[in-house]
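Side-chain atoms are counted along with the backbone in the values below, which use heavy atoms only and exclude waters and symmetry mates. Convention: sequence-line order gives letters A, B, ...; per-chain numbering from 1.
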Amino acid sequence: MEEAKTILSTKNLECYFGDFHAVKGISIEYKEKSINAIIGPSGCGKSTYLRSLNRIHEEIPGAYNKGEVNLLGKNIYEKDVDPVLIRRNIGMVFQKPNPFPSLSIFDNVVIGLKLQGVKNKALLQEKAEISLRKAALWDEVKDKLNKPGTSLSGGQQQRLCIARTIAVDPPVILMDEPTSALDPIATASIEELMLELKKEFCVIIVTHNMQQAARVADNTAFFVLGELIEQGASEQIFTNPKQKKTEDYITGRFG
Amino acid sequence: MMIETTNYYRWRKFKNRFFQFLLILSAIAVLTPIFLIVQYTFVKGASSLNFDFFTNLPKPVGESGGGMRHAIIGTLYLVAIGAAIAVPLGIMSGIYLAEFDKKSALSRILSFSIDLLTGVPSIIVGIFAYILLVVPLKSFNALAGGVALSIIILPIVTRSTEEILKLVPDHIREAGLALGLPRWKVIFMIIVPGSFKGIFTGVMLAISRAAGETAPLLFTAFGNMYMSYRIDQPMASLPVQIYNYAISPFEDWQRQAWGGAFVLIIIVLGINLTSRAIINRNEFVNFFIELNKKFKGKKVK
Amino acid sequence: MEQALNQKSVNNSPAPEGPDSLHLGIPFKLQDKINVWVLRTLAFAIITMLATLVVLLFKQSGEAVKEFGLWNFISTDNWNPVEDEFGGLSFLYGTAVSSILALAIAAPVSVAIALFLNEMLPAWLGKFLGLFVEMIAAIPSIVFGLWGIYYLAPFVKETLTPLLKSTLGFLPLFQGPSFGIGMLTASLILAIMIVPTITSICREVFKTIPGHQKEAALALGATRFEMIKLAILSPSFSGIMGGVVLGFGRALGETMAVAMVIGNSTSISSSLLAPASTMASVIANEYAEADSDLHVAALCLVGIFLFVITLIINFAARSIVWHFNRKHAR
């Protein structure tokens with residue numbers, strides 16, 4: 001069997017908020033077509049790390065990064081690289097579903113493509129249908145594509161945001177606690193969706209819900225206070241952790 | 001699909017840069033006139049001031065050494081009348097709107113009336129006061145001017161008092177009632193004193209606004225070239241005196257107009273900024289801390 | 001608690017002991033009743049006073065209405081105090097043109113500066129410069145007028161007019177000589193004066209946009225400009241409109257600065273460089289010296305038109321902003 005390609009890797013990635021050193025020197029490799037979870041207690045830098053992968057972290061005044069993030073071999077933190085172009089290739093789904101309120105469902109899905117200059121109506125329709133099908137939302141919205149994006153339920157809105165993200169075919173999708181604002185039924189449907197997405201995309205998900213990581217992720221990394229404690233295949237992490245801290249967290253002794 | 005730059009991308013980048021340029025341009029377009037106005041007034045005004053300005057009454061054209069003492073005192077007098085009427089009334093109505101009868105017709109009509117008053121152009125306020133007091137007294141008089149200013153002050157004090165009181169959480173009122181006090185005491189002895197800073201600021205802002213108003217006084221207090229303390233006679237005020245001198249053809253009077261404008265701006269902005277500083281003391285201090293950090297940071301580097 | 005009080009007042013017994021012994025033995029319930037009724041009376045007095053003032057204003061203009069008729073008054077452009085002939089069209093024209101032109105200049109600039117302060121500056125600097133903008137609102141109108149006469153008018157006459165004539169001189173808008181004072185100068189000053197009103201509403205509205213909404217736009221690969229359009233401007237449209245209409249209302253009622261730089265001509269001209277008058281400025285200029293009763297009545301009638309128009313615009317603005325706030329309750 002062919003060895004899976006590494007799509008994204010971080011090398012000694014550090015994240016700062018002004019003077020505060022939130023994430024300390026993390027190096028992880030992510031393979032294509034996999035789901036990778038990051039778990040750990042609150043405030044341990046998981047989200048900050050994730051947001052540094054698509055250079056959203058630096059949008060906060062005073063925030064900056066050190067180290068390397070290599071997307072298909074190229075370091076996105078190099079001097080002349082424009083974050084706008086990077087973000088086309090690394091999509092992001094947020095904790096609170098956030099379809100654009102002034103756009104219809106259809107416009108929400110294709111906005112990424114429109115920003116890139118795609119004007120061909122037929123192409124947009126096609127891509128919208130494909131993305132909504134992949135996000136398991138097509139049947140529910142196909143008759144109301146020009147209703148506002150915010151007229152859907154929470155779970156549907158999150159799936160809309162996922163459709164919006166995958167419409168531009170990014171090789172990597174980041175998800176920052178995508179189900180923590182949703183009810184259990186919606187959560188389950190999103191998790192099902194993630195397992196489908198992994199067939200095409202490399203998904204990196206931050207979650208404070210260990211069970212979720214155990215359910216969907218191929219690989220899991222465990223952070224505490226900005227440091228990588230342990231990473232590996234989820235099965236190994238959850239049944240046979242190598243580090244004591246990991247074991248303590250998994251068994252609920254702290255966190 | 002990877003990291004490539006197309007022509008369309010370059011066009012987007014250009015639009016982005018251009019837009020940010022427009023934003024900065026607008027900021028300059030707005031901040032420049034203020035800076036010019038304040039600087040011009042300060043420079044021309046300060047240089048026009050002398051001892052005579054504050055101590056003398058107007059002198060006939062051609063004679064030097066005229067002043068605006070009567071106008072400064074007149075403004076204090078008129079604002080005092082206006083405040084004496086409108087501040088207690090305004091605080092009371094603010095309390096009424098915030099604490100009582102919230103769904104009643106009376107409360108809603110009052111709120112509507114206050115909103116109406118807020119939007120009335122100041123010249124129309126002058127007409128109101130004219131009809132009310134100048135016509136029956138058959139002459140321009142200071143009382144009419146004071147009443148005109150009170151109409152300006154009232155809605156500001158009412159609204160700000162109401163807003164401040166609405167910020168007080170209900171559990172404080174309940175705590176007061178639980179102490180065995182009648183409702184009116186809870187309001188007047190606990191809630192209102194507790195919000196004193198905010199109410200005071202609202203009053204100060206209203207007063208500074210009234211002190212700067214010209215239009216309502218043009219045909220009520222009208223103006224006077226002599227010192228007058230009488231409430232039934234015309235009275236000078238700083239804004240009206242400035243106006244009369246500014247549109248006159250006499251250079252010495254125009255110079256005094258600038259002096260008056262300088263004094264007026266100092267008074268009005270002074271009260272305005274001070275009352276904001278009182279209520280935003282923390283933000284004020286934080287701002288200077290930030291500023292300090294920036295400068296310290298630069299020095300260290 | 002309430003029950004205990006009720007029982008006591010039913011017996012009409014003196015107020016309970018405690019910090020209350022200052023009062024004349026009046027039970028709590030009665031004390032509170034007196035209080036409410038005092039406040040209600042004051043409220044009623046204010047409302048009645050306002051109603052009386054409005055009624056008196058209408059009465060005062062009665063003579064002019066009788067003489068000229070309402071419609072005729074507002075559609076005739078003949079204002080002649082000497083011969084007691086009054087038609088207010090030129091003032092309506094002046095108010096409309098100066099306010100609309102001021103709005104056309106101020107609205108985009110206000111939105112731009114609101115975006116600039118909120119999005120392009122660090123928080124502390126945004127607050128600081130924002131204070132400067134708010135201070136414009138505190139500067140008395142007369143100071144604007146003074147600056148207008150001595151600084152802006154010469155600038156318009158010597159710099160701006162030649163510039164406009166050389167580029168757009170073919171338009172009827174820019175015909176005729178400029179003496180510095182006139183419709184254009186008045187509109188410019190009005191524009192500066194209404195910027196703080198529109199800007200502060202826009203800043204409030206922009207602040208309600210949640211951060212992750214803006215990040216979502218950026219995460220899709222939008223440039224800053226695209227993000228602002230998508231995540232800030234589009235959803236805020238009606239809020240911005242409310243601010244703009246409120247600014248318009250302010251421009252309509254502005255008196256002193258306009259009176260000092262608009263030139264006070266009572267005829268209508270198509271050129272922006274010519275002098276003009278507004279409803280507010282003519283009242284400011286003529287009321288104190290109005291000789292005949294008809295003159296005063298005519299001015300009061302102009303005042304009524306100004307009053308009613310401003311009222312309608314202000315309430316329209318408030319309801320737009322109110323609807324916007326309801327839709328986007330935090």
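Surrounding CZ of C:F132 are at most 12 heavy atoms belonging to other residues, nucleotides or ligands under 6.0 Å away. Within 6.0 Å of the NZ atom in A:K144, the count of heavy atoms belonging to other residues, nucleotides or ligands exceeds 12. Counting heavy atoms of neighbouring residues, nucleotides and ligands inside a 6.0 Å radius, atom OH of A:Y64 exceeds 12 of them. Heavy atoms from other residues, nucleotides or ligands lying under 6.0 Å from CG of A:D80 number more than 12. Atom CZ of C:F315 is surrounded by more than 12 heavy atoms from other residues, nucleotides or ligands within 6.0 Å.
With a threshold of 4.5 angstrom between heavy atoms, C:A217 approaches chain A through its backbone and through its side chain. Using a 4.5 Å cut-off between heavy atoms, A:R164 contacts chain C through both its backbone and its side chain. With a 4.5 angstrom heavy-atom cutoff, A:L103 touches chain C only via side-chain atoms. For A:F100, the parts lying near chain C are the backbone and the side chain together; criterion is any non-hydrogen pair under 4.5 Å.
Atoms NZ and OG, from C:K229 and A:S102 in turn, are 11.0 Å apart once rounded to the nearest 0.5 Å. From C:L220, atom CG reaches atom CZ of A:R87 across 10.5 Å, with rounding to the nearest 0.5 Å. Here C:E215 contributes atom CD and A:N54 contributes atom CG; the two are 9.0 Å apart, rounded to the nearest 0.5 Å. Separating the CG atom in A:N98 from the NZ atom in C:K214 is a distance of 13.0 Å, to the nearest 0.5 Å.
Of all non-hydrogen atoms in C:A222 and A:L115, the two that sit nearest each other are CB-CD1, 3.7 Å. In this structure, A:P97 and C:H212 approach most closely via the heavy-atom pair O-CE1, 4.4 Å. For C:T223 against A:V84, the heavy-atom pair with the smallest separation is CA-CG2, 4.1 Å. Heavy atoms only, all atoms of each residue included: C:Q213 and A:P99 are closest at NE2-O, 3.3 Å.
Of all the listed residues (C:A231, C:P122, C:G221), the one sharing the greatest number of non-hydrogen pairs under 4.5 Å with chain A is C:G221.
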>> Apply salt bridge (Lys or Arg N to Asp or Glu O under 4.0 Å) to residues A:K114 and C:E226 and explain how you reach the verdict.
In response: CA-CA 11 Å; A:K114 277 195 182 165; C:E226 288 160 349; over 6 Å; no
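Using a 4.5 Å heavy-atom threshold, the side chains of A:E59 and C:M227 count as separate.
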